[in-house]
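When reading the values below, keep in mind they use all heavy atoms of this one structure, side chains included, and skip hydrogens, waters and symmetry mates. Quantities reported herein were computed from a predicted structural model and do not represent experimental measurements.
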Amino acid sequence: MGASSADHILVVGAGHAGVQLIDSLRAGGYDGRLTLLSREAGPPYQRPPLSKDVIAGGPSAAPLLLRGAGFFDDARVDVRWGVDAERIARDVREVITSTGERLGYTTLILATGADSRRLDVPGEDLAGVFSLRTLDDARAASAALDGARRAVVVGAGFIGLEFAAGARARGVEVTLVSPTERPLRRVVSPAVSAYLAKRHTLDGVRLELGERVARLRESDGGAGRRRVGAVVTASGREFPADLVLVGVGAKPASGLASAAGLELAPDGGVAVDASLRSSDPAIFAIGDCSSFLSVHAGGRVRLESVQNATDQARYLASALLGADPAPYGELPWFWSHQGATKVQLAGLGRADAIRVVRGDVGAGRFSVFSYDGGDLVCVESVNSPADHLAARRLLAAGRSVDPTEAADPGFDLKAYSRAIPEAV
């Protein structure tokens, strides 16, 4: 794609979405000006390993970089490391940065990601309380595990479960406290939740479900900075802790968009149309901060996943390069490694779905197939990567498999999925 000397695409956010967009634009022939604002001072890195490799491997574990050394120079990207966007002046198409610079743009891409949610309880500011969103967060929490005997994890989502597994691998006693009655309640079926609860319990994690945190109590001893000593629940129970990991979800980093008057969705994300364009025609939003219309969700949804971030980036790059693509509709898929257990999801589950189980739950190798009105909508696989790949082929092609066949261990699901022309 050619570009006039005035063309300037400004990308706010150097996570998976922002970096992939730049890569796809240059690979597709865009030769206009590209600027990237990166809140963090170092090179962009992969975030999923933070709650796995860095926690289990120790604070010195090296991050996996999103791109190799020299990528941004080779791609002729003007990167502002450690610089964030403070305000968008939409009337003159300028972004005012944290350093006070005013950057003009012809197209603005918001790839601002999401921020960790707070507990908003007394004691959350005590030393020894961690969230897990950045490399610095992960390294600080990992270093704290070195001298810890007891850790309390608040939240039974992906981050909490992954951290719990990593902490146990390093010999730390772990108690996981969550107000939900089962792990990953909003994401997976009861069968997968039950298996994960059993697996973590067998690995030595103490699960305290149905308990809401009321406050974090200060340690009784020690000198210097005030440190956390225990987690206190609304029922009055107390769980001693040398460190606390807060993993209660994330919220879209949409404050910049909101302050600029862009439309936000009820889920808090930047509301975008079928082409990922915001309520301002010159501004797009991709990745964790974007709330988009999904055929797989049957409505508007905001997804926090590497797959969604990179797929939206590729889609938008194609559109900016002049293609006229169909509305964004890539299949959502996710993964989580919790110790030796690998959980992979394809599609989006629904609370009222009809479910069948394929495989052996007792042996820890199984998949749950979810149906809505006879249509396959989601497959959750535990230590069953072949099922996951087959499910992605089926769901991406809009195809289903009869529930009776899905549950039949003699049915060749892999061959059935490979007969479909569309491949993952």
Side-chain angles (χ1 to χ4, degrees), residues 1-47 65-113 253-254 256-257 260 262 270 272 275-278 280-290 292 306 308-325 328:
M1 168 185 167
S4 74
S5 59
D7 285 340
H8 181 202
I9 296 178
L10 174 58
V11 182
V12 181
H16 291 270
V19 172
Q20 181 63 59
L21 177 74
I22 285 171
D23 194 345
S24 296
L25 283 170
R26 285 299 192 223
Y30 178 74
D31 58 7
R33 184 181 170 198
L34 274 175
T35 299
L36 176 67
L37 300 187
S38 173
R39 183 190 306 179
E40 296 185 60
Y45 50 85
Q46 295 188 28
R47 294 188 184 274
L65 300 183
L66 288 180
R67 296 296 185 277
F71 166 77
F72 293 101
D73 287 339
D74 293 343
R76 295 177 289 114
V77 181
D78 181 8
V79 186
R80 309 300 174 90
W81 301 113
V83 176
D84 204 358
E86 292 286 338
R87 183 167 63 87
I88 304 171
R90 290 168 51 198
D91 54 341
V92 291
R93 292 196 179 184
E94 287 184 343
V95 167
I96 295 84
T97 74
S98 54
T99 61
E101 187 178 7
R102 302 181 73 97
L103 296 173
Y105 63 84
T106 51
T107 301
L108 176 63
I109 314 297
L110 300 180
T112 49
S254 53
L256 179 68
L262 296 179
V270 182
V272 297
S275 63
L276 308 181
R277 191 187 303 267
S278 77
D280 183 319
I283 303 176
F284 297 79
I286 56 176
D288 293 7
C289 72
S290 172
F292 64 100
V306 172
N308 181 64
T310 55
D311 279 350
Q312 286 192 340
R314 293 187 183 102
Y315 172 93
L316 180 55
S318 177
L320 293 175
L321 288 166
D324 187 18
Y328 177 75

Any heavy-atom pair between the side chains of F292 and Q312 that's under 4.5 Å? yes
Contact check, side chains of L103 and E94, non-hydrogen atoms, under 4.5 Å: no
Taking C-beta and beyond as the side chain, do V19 and F72 meet within less than 4.5 Å on heavy atoms? yes
Which atom pair, heavy atoms only, marks the closest approach of N308 to G287? ND2-O, 4.0 Å
Do the non-hydrogen side-chain atoms of D73 and V79 ever get within less than 4.5 Å of each other? no
Donor-acceptor pair, S278 side chain versus F284 backbone, under 3.5 Å? no
I'd like to know if D78 pairs up with R80 as an ion pair, taking the criterion as any Lys NZ or Arg NE/NH1/NH2 lying under 4.0 Å from an Asp or Glu carboxylate oxygen. yes
Report the distance from atom OG of S24 to atom CG of L321, rounding to the nearest 0.5 Å. 8.5 Å
Donor-acceptor under 3.5 Å (H8 side chain, G104 main chain): yes
I'd like to know whether CZ of R39 has more than 12 heavy-atom contacts from other residues, nucleotides or ligands below 6.0 angstrom. no
Donor-acceptor pair, distance only, cut-off 3.5 Å: does the side chain of S254 make one with the backbone of V270? no
For side chain to side chain contact (heavy atoms under 4.5 Å, CB included), just list the numbers for L262 and L110, CA-CA rounded to whole Å, side-chain angles, deciding distance to a tenth of an Å, and then say yes or no. CA-CA 11 Å; L262 296 179; L110 300 180; 3.9 Å; yes
If you measure from CG on D31 to CG on L25, what distance do you get to the nearest 0.5 Å? 11.0 Å
Minimum heavy-atom distance between R47 and H16, given as atom pair plus value: N-NE2, 3.3 Å
Distance (rounded to the nearest 0.5 Å) between S318 OG and L21 CG: 11.5 Å
Exactly one of V77, V83, L10, V12 clears side-chain contact (heavy atoms from CB on, under 4.5 Å) with L36, and that residue is V77
Go through D7 and R33 one step at a time and tell me if the side chain to side chain contact (heavy atoms under 4.5 Å, CB included) criterion holds. CA-CA 6 Å; D7 285 340; R33 184 181 170 198; over 6 Å; no
Positive for side-chain contact (heavy atoms from CB on, under 4.5 Å) with V95, one of L108, D84, T35: L108
Please report the shortest heavy-atom distance between R90 and Y105, naming the atom on each side. CA-OH, 4.1 Å
So CG of D280 and CZ of R93: to nearest 0.5 Å the spacing works out to 6.5 Å
Can you tell me how far CD1 of I109 sits from CD1 of I22, rounded to the nearest 0.5 angstrom? 10.0 Å
Strictly below 4.0 Å, N to O, side chains only: are E101 and R87 in salt-bridge contact? no
Mind checking whether R102 and T97 have side chains closer than 4.5 Å, heavy atoms only? no
For A41 against W81, the heavy-atom pair lying closest together: O-CB, 3.6 Å
When you measure from the side chain of R277 to the backbone N and O of A285, does any donor-acceptor pair fall under 3.5 Å? no
Of the non-hydrogen atoms in A111 and G18, which two are nearest, and what is the gap between them? CB-N, 3.8 Å
Heavy-atom pair of closest approach, residues A14 and L66: O-CD1, 4.2 Å
Just by modelled atom types, is the F71 backbone N or O under 3.5 Å from a matching donor or acceptor in the R67 side chain? no
Measuring from atom CG of L65 to atom OH of Y45, what distance do you get when rounded to the nearest 0.5 angstrom? 10.5 Å
